[in-house]
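Right, one structure below, let's go through it.
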Amino acid sequence: MEKLAQHHIAVVEKVIKAIEHDNGYIRQLVFEDGSRFALKALYARVNFKQHCDIPVQLGCELTEQGYLKVDAMQKTTVPHVYACGDNTSMMRSVANAVATGTFTGAILNKDMIEESF
């Protein structure tokens, strides 16, 4: 909080009732107490929630943040179950999903070959 204050960055801790915008461009926030706050950008840390419960049904462990727990080889805590992309990391981007998906596919292929031979 001190660092924010040093840089003249306001921290407003009120419950947001509405976000007013013009064609998707944010104008201001309306708070439950009726006050308003004009702004051009809004940054929020939204909690992550898995949208599919299949991994949990399989017994996969989640991290404290709700992501699937994986090791460096994208293996979950359940043998022979791998995971990649947005459900394993806070790096929520198409590029990261493609990269981890490609890596996970290669690891899975390697593990299947080694298991077969």
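What you see below is based on every heavy atom in this structure, not just the backbone, and it leaves out hydrogens, waters and symmetry mates. If you're wondering where the values come from, they're calculated on a predicted model, not measured in any experiment.
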Side chain to side chain contact (heavy atoms under 4.5 Å, CB included) evaluation trace for Lys75 with His80: CA-CA 7 Å; Lys75 296 177 182 180; His80 309 294; over 6 Å; no
Which atom of Met73 lies closest to which atom of Asp71, heavy atoms considered: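 Looks like N-OD1, 2.8 Å.
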Nearest heavy atoms of Asn87 and Gln50, plus distance in Å: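 Minimum heavy-atom contact is O-NE2, 3.1 Å.
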Partner set under salt bridge (Lys or Arg N to Asp or Glu O under 4.0 Å) for Glu114, not counting sequence neighbours: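 With sequence neighbours excluded, Glu114 shows a salt bridge (Lys or Arg N to Asp or Glu O under 4.0 Å) to Lys110, given in chain and number order.
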Qualifying salt bridge (Lys or Arg N to Asp or Glu O under 4.0 Å) pairs with a residue from residues 2-17, counting only residues at least two apart or across chains: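 Matches after skipping sequence neighbours: Lys14-Asp33.
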Ser89 side-chain N/O to Asp86 backbone N/O, donor-acceptor pair under 3.5 Å: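 The answer is no, because no donor-acceptor pair under 3.5 Å joins these two groups.
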For Thr104, all residues meeting side-chain contact (heavy atoms from CB on, under 4.5 Å), sequence neighbours excluded: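 Only Gln74, Tyr82, Cys84 meet the side-chain contact (heavy atoms from CB on, under 4.5 Å) criterion with Thr104.
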Residues which pass side-chain contact (heavy atoms from CB on, under 4.5 Å) with Thr76, listed by chain and number, not counting sequence neighbours: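 Thr76: side-chain contact (heavy atoms from CB on, under 4.5 Å) contacts with Cys60, Val70, Val78, Val81, Ala83.
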Under the side chain to side chain donor-acceptor pair (under 3.5 Å) test, residues paired with Asp22 that sit two or more places apart: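 In terms of side chain to side chain donor-acceptor pair (under 3.5 Å), with neighbours along the sequence ignored, Asp22 is linked to Arg27.
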Nearest-0.5 Å distance, CZ of residue Phe48 to CZ of residue Arg92: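 One gets 5.0 Å once the value is rounded to the nearest 0.5 Å.
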Shared-cluster residues of Leu29, by chain and number - hydrophobic side chains joined below 4.5 Å: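 Listed partners: Val12, Ile16, Ile19, Ile26, Phe31, Phe37, Leu39, Leu42.
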Cluster overlap Val56 with Leu68, hydrophobic side-chain contacts below 4.5 Å: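 Same hydrophobic cluster.
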Linked, directly or transitively: Ile9 and Met1 (ILVMFWY side chains, under 4.5 Å):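 Yes, because Ile9 and Met1 connect within a single hydrophobic cluster, where side-chain heavy atoms sit under 4.5 Å apart.
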